[in-house]
Every structure is written in structure tokens, then in C-alpha cells.
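Reviewing the structure listed below.
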Amino acid sequence: MTLMPEWAWVWRAWCALSADRQWLVTMQMVAPPMGAPVFQSRPVPRPVAWAAVQGWADRHDLAPVERDDLLALIQGMDAEFMLISNERGRE
């Protein structure tokens, strides 16, 4: 994948905001053959909070249109990240 320079700021924002991501820990019962069922925990990512995105936009003095673009792009990137993370958790 080649990152187009004009969109690098969105990637940097998403990476920085990922530190504000909340994780939900779920418990899953696994029943091995010929053994007692056990519970395993698995972290599940949650979307980056809207307030964190707005804080990043405030810090970087983004115009209203740029804020809207940033929020939409961060939400799209988060959706893809959560989809990939959840698929890996099922493996």
C-alpha cells in the first residue's frame, strides 16, 4: 500500500488517537476434546472516541470541513481495524 502524501496527516492522526482507544475484554468458553471447558479472555477494540478526535482537531486548528473529513476517515479506519482484529480473534 502506498500512502498518498496529502492523506498522511489522517494516518498520523489515527495512529496518535489509537492510544485513546478503549478495549473491551470478553470471555469465551473453549471446550477442548476430552477435557473440561475453560474460559479465555480476548480483548476487543472499541472505536476511538469522538471527543478524542475533536481534541486532536482542536490542537491542530482544523477547519470545520477538515474536522468532518477527519471524523469520517477515522471512523472508517476504525471500522476496518475492528473488523480485522475480530477476524484474527476467531482464528
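Heads up: numbering here begins at 1 and tracks the sequence. Just so it is clear, the values below take in all heavy atoms, side chains as well, and ignore hydrogens, waters and symmetry mates.
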Work out which heavy atom in A13 is nearest to a heavy atom in L70; give both atom names and the distance. CB-CD1, 3.9 Å
Are there more than 12 heavy atoms of other residues, nucleotides or ligands under 6.0 Å from atom CD of Q22? no
Excluding sequence neighbours, so at least two apart, what forms side-chain hydrogen bond (donor to acceptor under 3.5 Å, both in side chains) with D58? R67
Could you tell me which non-hydrogen atom of D20 sits nearest to which non-hydrogen atom of A52, and how far apart they are? OD2-CB, 3.7 Å
Residues that E66 engages under side-chain hydrogen bond (donor to acceptor under 3.5 Å, both in side chains), provided they are two or more places apart: none
Min side-chain heavy-atom separation M82-P47 under 4.5 Å: yes
Which pairs pass salt bridge (charged side-chain N to carboxylate O under 4.0 Å, His left out) with one or both residues in residues 23-33, sequence neighbours excluded? none
Is atom CH2 of W23 surrounded by more than 12 heavy atoms (other residues, nucleotides or ligands) closer than 6.0 Å? yes
Does the side-chain contact (heavy atoms from CB on, under 4.5 Å) test come out yes or no for I74 and W56, once each step is laid out? CA-CA 11 Å; I74 294 292; W56 195 93; over 6 Å; no
What is the ring orientation for W7 with W9, classed by angle as parallel under 30°, tilted 30 to 60°, or perpendicular over 60°? parallel
Rounded distance [0.5 Å steps], CG in D68 versus CG in L73: 10.5 Å
Can you list everything that forms a ring pair (Phe, Tyr, Trp, His ring centres under 6.0 Å) with W14? Sequence neighbours excluded, please. W11, F81
Within-4.5 Å side-chain heavy-atom neighbours: V10 and M77: yes
In short, salt bridge (charged side-chain N to carboxylate O under 4.0 Å, His left out) pairs touching residues 21-30 with sequence neighbours left out are R21-D78
Taken in chain and number order and not counting sequence neighbours, the residues that satisfy salt bridge (Lys or Arg N to Asp or Glu O under 4.0 Å) with R46 are none
